[in-house]
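Because only heavy atoms are used, hydrogens play no part in the values below, and waters and symmetry mates are left out as well, while side chains stay in. Throughout, a chain's letter reflects where its sequence line sits, starting with A, and its residues are numbered from 1.
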Amino acid sequence: MSTNGKVVAAFEELAVLSEILGENAFKVNALRRSARTLEALTSDVCAMEKSALLAMDGIGASTVAKIQEFAASGTMQELVDLRARVPAGLTQLLQIQGLGPKTVRAMWTDLGIENLAALKASIDSGAIAKLPRMGPKSVENLKEGIAFLEQSRGRIRIGEALPIAEALVAELGALPSVQRIAYAGSLRRGRETIGDIDVLAASTDASALMERFRTREDVAKVLATGETKTSVLTKHGIQIDLRVVPLDRFGSAWLYFTGSTDHNIRLRERAISQGMRLNEYGLFPAGEDGSIAEGTLPVASVEEADIHAALGLQWIPPTMREDRGEIEAFAIGVEAPCVIQQSDIRAELHCHTVASDGGMTIDEIIANAQARGFHTIAITDHSKGQAQANGLDETRLLAHIDAIHAARARFPAMQIWAGSEVDILLDGALDYDDKLLAKLDWVVASPHAALKQDPQLATARMLRAIRHPLVHVIGHPTGRIVNGRPGLELAMDELFAAAREHNTALEINAQHLRLDLRDADVRGAVNAGCMIAIDCDVHSSEDFGELRYGVLTAQRGWLSASQCLNAMDAKALNAWRMQKR
DNA sequence: GCCGTTTTCGGCCCGACTGTTTTCAGTCG
């Protein structure tokens, strides 16, 4: 785990342990917020100046002292103390749905339950019923919560969740009684993983809609169902919540259920400071005491943008709603950031043909790109070190370059470049010599091996590739797999500075398994002034469809079209290419 | 634990749902 990862984990653990010990909930929240804030950093938190840390919202003297203690000693005394007081097995109990810190604490102090096995035993023996407020229904729910935890898949990748949500929205949206329907939550915000799918609908016949939702073929279990909310578990182990709201309150509900929680809190604070109250039913004028009088009509509730406007804000894209400065950036009168849209993308600069490990021929891949309205494609098969991917040796590469250039006659409207995805070797050298690289129109340099390399060596390795005068783009810079492997631990700020200095672009690999760079690192790169490439790393025709995940990640990093290679016009892109030739 | 254009102390976003109560605590998003 990276140093920052360890500090973030320490604050999260402090929050959980404090919660079990019955600490003030606001303190627990503050600890969690510190963890989330630090998680978004791209520089080494232990090397940061005290003033820079304190300048961040939600980071105070106590948090800084803990960070400095960790930097000096590799630990935090308070964490050591709390671990000594709380049995390790209790934190797992908090993951059970419906079981919170108060009940876990009571289980521990009243019944001596210290882990999941002991909890199950107390359920079997009936001892659990001795706890206050623990009636038969609660015990039943506890059993189900444990069963769900043991079969839960945890957070699923966005590339799995988004198609499911879209299909569901299309299916239910086709019902005549459904007036409006959309997905919300972290899925709408474009997070790389999703806990559950939230769908929001307005309907003239809510009970029929709920009935249809409950009885879909894909549903394995109905977790809860009522007038306004139904939760189901699908056969693939994914929880889907459907909420029904009045049509004229759809905007406020959509805003509310899209989140993030931290963003919602900021919006509500803003409403209060302007003499209003915000909830899922709308933005309301508040009385003298701050309450909403019975029967008060909302100032805004139909569309999200109405509510934003009434709060003195421009509409904020969902991907940016993470309490990372977006509320200040979108105030009316401020020139708001204009994030990139999928329609801005006009080039694919990283793809593989049958020459290495792709499924399409040169002509097929170009035709695909052309059909998508692209003006440029760079074909970048693997270099010789990728033997398992049928990487090209020097002889094959020279013939491949000729074959790609020959395709230009057949696709006169397209700008077609012969490139390579060349391996960055362990010491940062490239897998082809410079003479051969110079013959290529386009060079993507990527790490594929030794992805557990020592952080200092890994950083030096990547810096050497960034500084190479013939390299255009660094492909999937960390080599991570979402929910799979962490990838290289890199000093990102050093990479950004070098990429800016040498005018080497950094890739957002759009494959939902990769999303590399991740969102927070995109933000760091954007702030450092780096150029970004959003590429699908195409191996098959369907891979072009991964673009949406790359764009969502780019938006989460506040990338504008002006900093994205794939959004340039053909001439400008070629001019950018030529500065490396 | 954090924070301050009334405050350096005393607040801190908001409502729904559930199951357990005899008026509400706990959990969730």
Side-chain angles (χ1 to χ4, degrees), chain A residues 11-12 14-15 18-20 22-38 53-67 76 78 93-107 129 131-142 144-145 184-189 194-200 223-231 239 241-245 249 252-274 276-284 286 290-292 311 321 323 327:
Chain A
F11 278 99
E12 276 167 359
L14 279 172
S18 304
E19 198 169 36
I20 293 173
E23 263 290 0
N24 178 323
F26 295 104
K27 174 178 171 176
V28 174
N29 256 339
L31 288 165
R32 291 226 159 88
R33 185 156 182 237
S34 291
R36 284 195 297 272
T37 302
L38 298 175
L53 289 167
L54 283 172
M56 290 185 284
D57 245 8
I59 304 291
S62 170
T63 298
V64 172
K66 289 191 182 78
I67 292 170
M76 296 177 193
E78 188 174 338
L93 301 189
L94 278 178
Q95 290 166 23
I96 298 169
Q97 277 202 21
L99 190 54
K102 300 271 172 59
T103 315
V104 167
R105 181 172 165 75
M107 286 171 173
L131 288 180
R133 312 187 68 83
M134 187 60 68
K137 283 284 256 190
S138 294
V139 174
E140 202 49 44
N141 286 342
L142 196 49
E144 287 189 6
S186 54
L187 181 58
R188 185 168 177 236
R189 298 202 312 280
I194 308 302
D196 53 26
I197 296 174
D198 290 307
V199 177
L200 192 64
L223 300 170
T225 185
E227 276 291 292
T228 61
K229 179 185 168 183
T230 294
S231 295
Q239 183 175 332
D241 296 347
L242 173 65
R243 290 183 169 82
V244 179
V245 299
R249 306 297 171 94
S252 47
W254 206 16
L255 188 65
Y256 172 78
F257 287 114
T258 298
S260 67
T261 302
D262 286 345
H263 174 87
N264 284 348
I265 290 172
R266 293 287 160 264
L267 282 184
R268 286 172 186 195
E269 288 172 350
R270 190 177 176 94
I272 290 170
S273 73
Q274 297 177 5
M276 296 184 282
R277 305 283 281 199
L278 176 63
N279 59 34
E280 57 264 52
Y281 302 106
L283 179 66
F284 295 88
S291 69
I292 306 168
L311 290 170
R321 299 179 193 167
D323 188 25
I327 291 181

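- Spacing between B:dG4 and B:dC13 at atom P, rounded to whole Å, works out to 14 Å.
- Between B:dT21 and B:dC17, the distance separating the two C1' atoms is 15 Å to the nearest Å.
- One interatomic measurement links the two molecules: CD of A:Q274 to C1' of B:dT5, which rounds to 15 Å at whole-angstrom precision.
- In this structure, the side chain of A:T228 does not engage the main chain of A:V244 through any donor-acceptor pair within 3.5 Å.
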Would you tabulate the nitrogen or oxygen pairs shorter than 3.5 Å linking the protein to nucleotides 24-27 of chain B?
residue : atom : partner : partner atom : Å
B:dC24  : O2   : A:R133  : NH2          : 3.3
B:dG26  : O3'  : A:T103  : OG1          : 3.2
B:dT27  : OP1  : A:G100  : N            : 2.6
B:dT27  : OP1  : A:G100  : O            : 2.9
B:dT27  : OP1  : A:T103  : N            : 3.2
B:dT27  : OP1  : A:T103  : OG1          : 2.6
B:dT27  : OP2  : A:K102  : N            : 3.2
B:dT27  : O5'  : A:G100  : N            : 3.4

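- Counting to the nearest Å, the P atom of B:dG1 and the CD atom of A:E12 are 17 Å from each other.
- Partners of A:R249 according to the side-chain hydrogen bond (donor to acceptor under 3.5 Å, both in side chains) rule, which considers only residues two or more places apart in sequence or in another chain, do not exist here.
- For B:dT20, the O4'-C1' to base torsion is more than 90° from 0; the nucleotide is therefore anti.
- Using a 4.0 Å heavy-atom distance criterion, A:I59 is classed as a sugar-phosphate-only contact.
- The same atom, P, is picked in B:dT20 and in B:dG26; the two are 14 Å apart, to the nearest Å.
- One atom, NZ of A:K27, and another, P of B:dC3, lie 15 Å apart when rounded to the nearest Å.
- Contacts classified as side-chain hydrogen bond (donor to acceptor under 3.5 Å, both in side chains) and involving residues 56-67 of chain A (residues at least two apart or in different chains) are given here: A:S34-A:T63, A:S62-A:K66, A:K66-A:E78.
- As a whole-Å value, the separation of A:R32 CZ from B:dG29 C1' is 13 Å.
- Using a 4.0 Å heavy-atom cutoff across all strands shown, A:A61 reaches sugar-phosphate atoms only and no base atom.
- Atom P of nucleotide B:dG1 and atom CG of A:D57 are separated by 18 Å, given to the nearest angstrom.
- Rounded to whole Å, the C1' atom of B:dT7 lies 14 Å from the corresponding atom of B:dC2.
- By the 4.5 Å heavy-atom criterion applied to side chains, A:M276 and A:L311 are counted as neighbours.
- Applying the Watson-Crick and G-U wobble criteria (two distances, each under 3.5 Å), B:dT8 pairs with nothing in any strand.
- Under the rule for a side-chain hydrogen bond (donor to acceptor under 3.5 Å, both in side chains), A:N29 has no partner lying at least two apart in sequence or in another chain.
- Rounded to whole Å, the C1' atom of B:dT8 lies 15 Å from the corresponding atom of B:dG1.
- The shortest distance between side-chain heavy atoms of A:Y256 and A:N264 falls below 4.5 Å.
- Counting only heavy atoms from C-beta outward, the side chains of A:L94 and A:E19 approach each other to under 4.5 Å.
- Counting to the nearest Å, the P atom of B:dG1 and the CE atom of A:M56 are 17 Å from each other.
- Contact annotation: A:S138 side-chain N/O to B:dT20 OP1/OP2 distance is under 4.0 Å.
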ask   = Given the rule in the side-chain contact (heavy atoms from CB on, under 4.5 Å) test, do A:D198 and A:L187 qualify, once you have shown the distances and angles that lead to the verdict?
value = CA-CA 8 Å; A:D198 290 307; A:L187 181 58; over 6 Å; no
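- Looking at residues two or more places apart in sequence or on another chain, you find no salt bridge (Lys or Arg N to Asp or Glu O under 4.0 Å) involving A:R268.
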Below 3.5 Å between N/O atoms, which protein atoms pair up with nucleotides 12-18 of chain B? Just atom names and distances, please.
residue : atom : partner : partner atom : Å
B:dC13  : OP2  : A:E269  : OE2          : 3.2
B:dC13  : O2   : A:R268  : NH1          : 2.2
B:dC14  : OP1  : A:R277  : NE           : 3.1
B:dC14  : OP1  : A:R277  : NH1          : 3.2
B:dC14  : OP1  : A:R277  : NH2          : 3.2
B:dC14  : OP2  : A:R277  : NH2          : 3.1
B:dC14  : O4'  : A:R268  : NH1          : 2.6
B:dA16  : OP1  : A:Y281  : OH           : 3.4
B:dC17  : OP1  : A:T228  : OG1          : 3.0

message = Could you go through A:L142 and A:T103, starting from their C-alpha distance and side-chain angles, then the distance that decides it, and tell me whether this counts as side-chain contact (heavy atoms from CB on, under 4.5 Å)?
response = CA-CA 11 Å; A:L142 196 49; A:T103 315; over 6 Å; no
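- Within 4.0 Å (heavy atoms only), A:T63 reaches sugar-phosphate atoms of the nucleic acid but no base atom.
- Taking atom CG of residue A:D241 and atom P of nucleotide B:dC28, one finds them 13 Å apart after rounding to whole Å.
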